[in-house]
Amino acid sequence: AQFSGSILGTFASSRIAKRYGFTLAVLIGLFLIAIGIPGINSDEFVLCWIAVFVYGSGLGVTIPSINLLTIETTEPHLRSSAVNLINFAWGVGAICSQPFVAAVSRDGSLINVTVILVAAVLVLAVCFFLAVRASAAKRLTENESAPPTTRIWTQPRSWLFVAFSFFVVAIEGGLGGWLTTYTESLKQSGIEMMNLTVVYFLFFVLGRGIAALVSRRISENALIFSCSVILLTGAVILVTAEQFAIIGAAVAGLGSSAIFPTNMARFARVFGPTATLQAGPVFIAGTCGAAVVSSLIGFISTTLGSLRAGIILVVISAAFVVLLNLIIARAFRSEERSAG
C-alpha cells in the first residue's frame with residue numbers, strides 16, 4: 001500500500017509542480033499525510049490499507065517536492081550541501097521514530113502516536129505556508145510563463161539517471177528492510193551482534209551530515225564516486241565475512257548515505273534550471289527499485305533457503321551503481337565543463 005501510494009504520489013508531484021509549483025505540492029503532500037495517518041487506528045484491515053495508501057501518497061508527493069524545492073531555491077554551488085542537509089534531517093527523524101512510538105504508545109494502541117503526528121504535520125504545514133507565501137505567487141507566475149524548454153527525457157542518455165536512481169534506492173530499501181532479519185539469522189548461527197539495521201541507519205544519517213560539509217569542497221562526481229566505492233565495499237563485507245557484518249553494515253550505510261541527494265543536485269546542474277520540474281521519473285525509479293529489490297531478496301532467500309544469498313543482490317546493485325556513475329560522468333562531461 002505504501003509503495004503503490006508513493007509511486008502515485010511521486011507521479012502526481014511532478015504534474016502539480018509543473019502547474020502550480022513545489023510549494024503547493026508540499027502542502028498537498030502534508031495534507032495527505034495528515035488525513036492518512038489516523039486511519040491506521042481502524043479495526044478493519046481494508047481501511048488500514050487505504051490509510052497507509054493515502055499517507056504513502058503524501059510521502060510520494062512531499063519527499064521529491066521538498067528535495068527539488070531545496071535545489072530550486074539554493075545557489076548552484078550550495079545545492080549538494082543543502083539537499084544532503086535536508087536528507088540528514090529526514091534520517092534523524094527516521095532514527096527517532098521507533099523510540100518515539102515505543103514511548104508514546106500505550107498497550108499497543110497507536111492513538112496517542114497518530115494524534116501527535118497529525119498535530120505536528122498540520123503545524124508544520126502552517127509554518128511552511130507562512131514561510132513561503134511571499135514567493136508562492138512569483139513562483140506560480142514563473143512556472144506558468146516559462147514552461148520547460150529542455151525536453152530531458154527525449155535524450156536517451158538522460159535515462160542513465162533513472163537507472164542510477166533505481167539501483168541506489170534499491171540498496172537502501174533492501175538493506176533497510178532485511179538487515180534486522182539478517183541479524184537474527186546470524187544469531188541463530190552463533191554470532192552475537194547488535195541489530196545491523198540500527199548500525200546501518202546510524203552511519204547512513206552520519207554520512208549525510210558529513211556530506212553536507214564535504215560537498216562544499218569537492219565536486220559532485222567525486223563525492224558520488226567515493227560513496228559508491230565505499231558502498232560496494234560494505235556490501236561485499238556483509239555477505240562474505242559474517243563475523244564482520246557489523247562493519248559491513250556501517251560501511252554500507254556511510255557509502256549509501258549521500259549518493260541519492262548528491263545525484264539530484266548533479267541532475268539539476270547538468271540539465272539546467274527547468275530540470276527540477278521534470279525529475280519525476282528519477283524519484284519513481286527509486287521507489288520502484290526499493291520495492292523490486294526488497295521483494296527479490298525475499299524471493300531468492302526463500303527459494304535458496306539462505307538470506308545471505310538474497311543479500312548478494314545488494315552487492316550486484318552496488319556494482320551497477322559504481323558502473324553507472326562512471327558512465328554518467330563520462331556521458332555528461334561536456335555539460336559539466338561548460339557549467340563549471
Side-chain angles (χ1 to χ4, degrees), residues 2-3 5-6 9 26 29-41 48 51-52 54-67 69-70 81-128 131 169 171-183 193-213 246 249-261 286-287 290 294:
Q2 184 169 324
F3 275 126
S6 182
V26 172
L30 293 175
F31 175 74
L32 289 172
I33 293 171
I35 65 173
I37 288 176
I40 64 175
N41 291 293
C48 286
V52 174
V54 170
Y55 80 66
S57 301
L59 291 171
V61 174
T62 305
I63 292 174
S65 296
I66 289 181
N67 274 281
L69 181 62
T70 302
S81 176
V83 77
N84 272 293
L85 183 60
I86 289 290
N87 284 272
F88 168 74
W90 233 304
V92 172
I95 289 177
C96 294
S97 62
Q98 191 170 14
F100 163 74
V101 172
V104 175
S105 59
R106 294 290 182 270
D107 301 322
S109 171
L110 293 175
I111 292 178
N112 292 343
V113 175
T114 53
V115 168
I116 293 172
L117 286 178
V118 169
V121 169
L122 291 176
V123 170
L124 177 63
V126 172
C127 293
F128 181 82
V169 185
I171 294 168
E172 296 176 12
L175 292 180
W178 287 101
L179 280 181
T180 296
T181 310
Y182 192 47
T183 304
M193 63 179 62
M194 67 181 296
N195 192 310
L196 295 177
T197 304
V198 175
V199 175
Y200 172 77
F201 277 112
L202 280 174
F203 280 85
F204 183 83
V205 174
L206 176 64
R208 285 183 169 172
I210 295 172
L213 301 174
I246 192 168
V251 173
L254 193 65
S256 61
S257 61
I259 296 178
F260 185 83
T287 303
S294 293

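Not measured: the values here are computed from a predicted model.
Distance check, rounded to the nearest 0.5 Å: CG of Leu124 to CG of Leu117 gives 11.5 Å. Rounded to the nearest 0.5 Å, atoms CZ (Arg208) and CG (Leu213) are 15.0 Å apart. In this structure, Asn87 CG and Ser257 OG are separated by 10.0 Å, a value rounded to the nearest 0.5 Å. In this structure, the separation between CD1 on Ile86 and CH2 on Trp90 is 7.5 Å, given to the nearest 0.5 Å. The distance from the CD1 atom of Ile66 to the CZ atom of Phe128 is 6.0 Å, given to the nearest 0.5 Å.
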Distance-only criterion, 3.5 Å: show the donor-acceptor pairs between side-chain atoms of residues 193-207 and protein atoms not counting sequence neighbours.
residue, atom, partner, partner atom, Å
Asn195, OD1, Thr180, OG1, 3.4
Asn195, OD1, Thr197, N, 2.8
Asn195, OD1, Thr197, OG1, 3.3
Thr197, OG1, Thr180, N, 2.8
Thr197, OG1, Thr180, OG1, 2.6
Tyr200, OH, Ser256, OG, 2.9

Output a table of donor-acceptor pairs, distance under 3.5 Å, between side-chain atoms of residues 30-39 and any protein atom two or more places apart or on a different chain; print 'none' if there are none.
none

Check residues 98-106 and write down every donor-acceptor pair under 3.5 Å in which the side-chain atom is one partner and the other belongs to a residue at least two apart or another chain.
residue, atom, partner, partner atom, Å
Ser105, OG, Val101, O, 2.6
Arg106, NH1, Ala103, O, 2.8
Arg106, NH1, Val104, O, 3.4

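The two residues Ser294 and Gly174 come nearest to each other via the heavy atoms OG-N, 3.6 Å. In terms of heavy atoms, Leu179 sits closest to Ala249 at CD1-CB, 4.5 Å.
Put simply, the side chain of Asn67 does not reach to within 4.5 Å of the side chain of Phe260, judged on heavy atoms. A heavy-atom distance below 4.5 Å is found between the side chains of Leu59 and Tyr55.
The backbone N or O of Ala94 lies less than 3.5 Å from a partner atom in the side chain of Ser97, making a donor-acceptor pair. Panel note: side chain Thr114, backbone Ile111; a donor-acceptor pair is recorded below 3.5 Å.
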